[in-house]
J.: 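For reference, the structure I am asking about is given below.
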Amino acid sequence: MSAMMGSAASACPACLAAPAAEDLAARALPKEARIALSVPGVHCGACISTLEQALAAHPGVHSARVNLTLKRALIEADPSISPEDLIPVAASVGYEAFELDAGTLSATTQDKAGLDLLMRLAVAGFASMNVMLLSVSVWSGAEGATRDMFHWISAAITLPTIAFSGQPFFVNALRAWRSKRLNMDVPIVMAIVLALATSLWETALSGHHAYFDATLTLTFFLLAGRYLDYRTRAIARSAAQELAALEVPRATRLEEGVERTLPVSELRVGDLVLVRPGGRMPVDGEIVQGTSEIDRSLLTGETRPIFAAPGVTVSAGEVNLTGPLVLRAAAVGQDTSLHRMADLVAIAESGRSRYTSLADAAAKLYAPGVHILAALAFVRWYIYAQDARIALNIAAAVLIITCPCALALAVPAVTTAASGRLFKRGLLIKDATALERLAQADTVVFDKTGTLTAGTPDVGPLDHLGTRDLTIARALADASAHPLSQALRTALDARGIAPATLDDLREVPGFGAEGMWQGRRVRLGRAQWVGASASASTAAWLAIGSEPALEITFTDRLRPGAAEAVAALKASGHDVIMMSGDSTGAVEALAQRLGIAQWMAEALPGDKAARITQLQSEGRRVLMVGDGLNDTAALASAHVSVSPASALDAARVASDIVLLGTDLAPLAEAIRVGRMATKRIKQNFRIATLYNIIAVPLAVAGLCSPLIAALAMSTSSITVSLNALRLK
């Protein structure tokens, strides 16, 4: 068994280190040859294969790697290849892509902490099994020099192993001592150090018992709990850093009519900046030339694109849809609205990090009691027996038997079991305390666009349009990149409607598409452009010659399970609120459709975060569910938060839980599982406490050797783990 463990231990770190080597190799490439794209739509192995093949087939691309966990593509290409060349390639195979600043993300691409813990766990397991084999010889009756030799060999294995594997506990305990406070790692370190000191003393005096095996087993169990705790957190990245990475790294500045591409950091207030169709705004500013439409859904939640013309102000991060625009920069760099949103997220994240978990609360009470008890046991037995050796052995037994291994496993064992159960239902738990906070939620706040709705429009009834009208509408929709035109084209495709033959077909940026049909001008677009009166609903208008314009309405498509989730949450006694940056009419209509009594429309990102803060100041525990950049600060501010896997990276990172599928129905079950998990954690604390009530008096009375204490401690840890598995 030792040999098998040794093989696994030697192989795993090398295997796991391979990605690190690849990452270092990627970083060594020239900056212009390394392109990072955010691809929120990838969700399986087929997505990875499709996207990698499409990108790799593009001329000038050397290789393309897609990371499913980070929803990110890393491309190595010729210096002449730009992200603008590759974004359409991803779109051609059905994946929306956004450029990321690879330099901003360089520090977050490697899971070093997880590899470090796993390697220390493997070393401790390998060493403990070998020392256990040596201990079997001692237990079998080895005496004198043979016993001492086995003890010294055990010491030679144990000391460097503890020095290496125990570093996470030593570092945390030292940090606590320096700040004059106690945490769970302080009694752990004292138990390990005292067990080692006692074992070395016994070995030096040719004693019958040494406890190197118990010390290593204790370290192994504790590292297992620490690694389980780490895995429940997934990859802890900063949402503020993700937001910063979404800022456009390069822009096109007009210098006396000549285009010049340069880093955004070199732009200054007053510069003229060209933004082509499909591009993101690199700065806050005012349009001075061109007409188009702007997609603000990621920033504000507005479902309808906004008409853009000279005099209209735009914000960094918004998407230009149909026509080239020239902006005059009004705010650049850290002064842009996108950067201010990142600052809001950073402040909100630091506030939520002050949450005190059940384990931390237990540690504050537990650690001082353990130290006092061990010290009293040493003093009492030294006075009674006048033998420091006996007193030290009993103090070590007390520290080992009260070592918070069961408490250290109580939380991660439960959260791992609960996370596995929820993962099968399509929910990924990212934060170790998310389940505890989820169980406390009494108010649920939903974003609208992309959360309760799918974020794509559905075409309304078309019965008032004849076959002629539908064929003309299909031809005009084919000529436009507008989201409503794309939705109409999909709906007409499903009906088998072929496009009519039009002459002089073209898109008019910011207005719609037009052409000539049988000598008559036909248009599909904005109401004012075709000579109609605008309505409150989301609509496009079809005009054929001098005939009255026909309205084609669009409705928000509900996300699967949205109605069920809202109904289940209301039935379980939760207050349900909807907040959106969309128009009042659209928000009110959806609220009535879902039976949500409380709603807020036209809310800016800061408004959402402020409303969350206000609700929590009233004593409420808020669960926020959102997907856009405009939700990021609110997600970070909430007591606990959920975002769909289709959300932008920044929103997913700011949230505690990621909804892997499209169905919202599992939300209500997640709260129920969170409450069950909290109940199990408290049960585990009671089990650990009962174990201490029984075992500690025996140790203080001198009836337990450190070895028996270690066995008892291991039994309590296994009991706690089995209780946690009941969640599955």
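In this chain, numbering begins with 1 at the start of the sequence shown. The shown structure was predicted, so the numbers you read here are calculated from the model rather than taken from an experiment.
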J.: I'd like to know whether CZ of Phe164 has more than 12 heavy-atom contacts from other residues, nucleotides or ligands below 6.0 angstrom.
T.: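 Yes - once you tally the heavy atoms of other residues, nucleotides and ligands closer than 6.0 Å, there are more than 12.
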J.: Got Met624 and Ile612 here, is their nearest side-chain heavy-atom distance under 4.5 Å?
T.: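 Result yes, sub-4.5 Å side-chain heavy-atom pair found.
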J.: Which atoms form the tightest heavy-atom contact between Gln386 and Ile383, and what is the distance?
T.: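 The pair with the smallest heavy-atom distance is NE2-O, 3.0 Å.
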J.: Run the side chain to side chain contact (heavy atoms under 4.5 Å, CB included) check on Leu159 and Leu200 step by step: do they pass?
T.: CA-CA 10 Å; Leu159 290 174; Leu200 286 171; 4.2 Å; yes
J.: Atom CG in Leu216, atom CD1 in Ile162: separation rounded to 0.5 Å?
T.: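 The distance works out to 4.5 Å.
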J.: Closer than 3.5 angstrom, by distance alone: can the side chain of Trp381 be matched with the main-chain N or O of Val700 as a donor-acceptor pair?
T.: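 Yes.
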J.: State the CD1-CG distance between Ile657 and Leu427, to the nearest 0.5 angstrom.
T.: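 Ile657 atom CD1 to Leu427 atom CG measures 6.5 Å (nearest 0.5 Å).
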J.: Which residues pass the salt bridge (charged side-chain N to carboxylate O under 4.0 Å, His left out) test with Arg425, not counting sequence neighbours?
T.: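 For Arg425, the residues satisfying salt bridge (charged side-chain N to carboxylate O under 4.0 Å, His left out) (neighbours in sequence not counted) are Glu669.
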J.: Does anything in residues 148-169 form a salt bridge (charged side-chain N to carboxylate O under 4.0 Å, His left out)? List the pairs, not counting sequence neighbours.
T.: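 Every candidate salt bridge (charged side-chain N to carboxylate O under 4.0 Å, His left out) pair involving residues 148-169 fails, so no pair, neighbours aside, qualifies.
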J.: Passes side chain to side chain contact (heavy atoms under 4.5 Å, CB included), Val625 versus Ser643? Steps please.
T.: CA-CA 6 Å; Val625 189; Ser643 67; over 6 Å; no
J.: Might you point out which heavy atoms bring Val189 and Ala173 nearest each other, and give the distance in Å?
T.: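 Result for this residue pair: CG2-CB, 3.6 Å.
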J.: To the nearest 0.5 angstrom, please state how far the CH2 atom of Trp152 sits from the CZ atom of Phe212.
T.: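 That separation rounds to 7.0 Å.
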J.: For a 4.5 angstrom cut-off between non-hydrogen side-chain atoms, does Ile671 reach Leu623?
T.: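 Touching, per the 4.5 Å side-chain cut-off.
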J.: After noting the C-alpha distance and the side-chain angles of Thr678 and Glu436, does the key distance pass the side chain to side chain donor-acceptor pair (under 3.5 Å) rule?
T.: CA-CA 6 Å; Thr678 301; Glu436 295 175 25; over 6 Å; no
J.: Just by modelled atom types, is the Leu438 backbone N or O under 3.5 Å from a matching donor or acceptor in the Arg675 side chain?
T.: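 Not at all, since once roles are kept as given, no pair shorter than 3.5 Å links the two residues.
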J.: Should the pair Arg380 and Phe378 be classed as cation-pi, given the thresholds of under 6.0 Å to the six-membered ring centre and 45° from the axis?
T.: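 Cation-pi check for Arg380 and Phe378: fails.
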J.: State, with a plain yes or no, whether a side-chain heavy atom of Leu133 is found less than 4.5 Å away from one of Met129.
T.: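 Not touching, per the 4.5 Å side-chain cut-off.
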J.: Kindly write out the residues that satisfy side-chain contact (heavy atoms from CB on, under 4.5 Å) with Leu698, not counting sequence neighbours, or none if the list is empty.
T.: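 Leu698: side-chain contact (heavy atoms from CB on, under 4.5 Å) contacts with Leu703, Cys704.
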J.: Checking Met149 against Ile153 for the side chain to side chain contact (heavy atoms under 4.5 Å, CB included) test, could you report, in this order, the C-alpha distance in whole Å, the side-chain angles of both residues, the deciding distance, and whether it holds?
T.: CA-CA 6 Å; Met149 179 185 68; Ile153 294 173; 4.0 Å; yes
J.: For the atom pair CG (Asp213) and OG (Ser154), what is the distance rounded to the nearest 0.5 Å?
T.: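 Going from CG on Asp213 over to OG on Ser154, the span is 7.0 Å.
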J.: So, for Pro168 and Leu117, which heavy atoms are closest and what is the spacing to 0.1 Å?
T.: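 The pair with the smallest heavy-atom distance is CG-CD2, 4.1 Å.
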J.: Does any N or O in the side chain of Asp442 come within less than 3.5 Å of the main-chain N or O of Arg621, such that one atom is a donor and the other an acceptor?
T.: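 Here the side-chain-to-backbone pair exists.
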J.: Any salt bridge (charged side-chain N to carboxylate O under 4.0 Å, His left out) pairs touching residues 194-211, not counting sequence neighbours?
T.: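 Applying salt bridge (charged side-chain N to carboxylate O under 4.0 Å, His left out) to every pair that reaches into residues 194-211, excluding sequence neighbours, yields Glu202-Arg389.
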J.: Short question: side chain of Ser641, backbone of Ala638 - any donor-acceptor pair under 3.5 Å?
T.: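 It does not hold such a pair.
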J.: Is any side-chain heavy atom of Val642 closer than 4.5 Å to one of Asp656?
T.: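 No; the side chains remain at least 4.5 Å from each other.
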J.: What pairs of residues pass the salt bridge (charged side-chain N to carboxylate O under 4.0 Å, His left out) test when at least one of them lies in residues 118-141, not counting sequence neighbours?
T.: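 Salt bridge (charged side-chain N to carboxylate O under 4.0 Å, His left out) check on residues 118-141 returns Asp116-Arg120.
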J.: If every non-hydrogen atom of Ser165 is compared with every non-hydrogen atom of Ala124, which pair is closest and at what distance?
T.: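 In this case the closest contact between Ser165 and Ala124 is OG-N, 3.5 Å.
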J.: Closest approach of Val640 and Ala434, non-hydrogen atoms and distance?
T.: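 Of all heavy-atom pairs spanning Val640 and Ala434, the closest is CG2-O, 3.9 Å.
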J.: Any non-hydrogen side-chain atom of Arg680 less than 4.5 Å from a side-chain atom of Gln683?
T.: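 Side-chain contact under 4.5 Å: yes.
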J.: I want to check something: taking the side chain as every heavy atom from C-beta on, are Thr146 and Phe150 in contact at a cut-off of under 4.5 Å?
T.: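 Counting from C-beta outward, Thr146 and Phe150 do come under 4.5 Å.
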J.: Which residue pairs pass the salt bridge (charged side-chain N to carboxylate O under 4.0 Å, His left out) test when at least one of the two sits in residues 390-401, sequence neighbours left out?
T.: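 The answer is none; no pair qualifies.
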J.: Any side-chain heavy atom of Leu422 within less than 4.5 Å of one from Leu435?
T.: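 The answer is yes, as the side chains (C-beta and beyond) meet within the 4.5 Å cut-off.
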J.: Report yes if the side chains of Ser206 and Arg147 come closer than 4.5 Å at any heavy-atom pair, otherwise no.
T.: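 Result yes, sub-4.5 Å side-chain heavy-atom pair found.
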J.: On a heavy-atom basis, which atom in Pro160 and which in Ala155 lie closest, and how many Å separate them?
T.: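 Here Pro160 and Ala155 meet closest at CD-O, 4.2 Å.
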J.: Could you measure the distance from the CZ atom of Phe126 to the OG1 atom of Thr161? Nearest 0.5 Å is fine.
T.: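 Between atom CZ of Phe126 and atom OG1 of Thr161 there are 8.5 Å.
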J.: Any chance you could measure Thr158, atom OG1, to His151, atom NE2, to the nearest 0.5 Å?
T.: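 Rounded to the nearest 0.5 Å, the OG1-NE2 separation comes to 10.5 Å.
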J.: Is Gln616 reaching over with its side chain to a backbone N or O of His639, donor-acceptor style, under 3.5 angstrom?
T.: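 Yes, the answer is positive, given that a donor and an acceptor are paired below the 3.5 Å cut-off.
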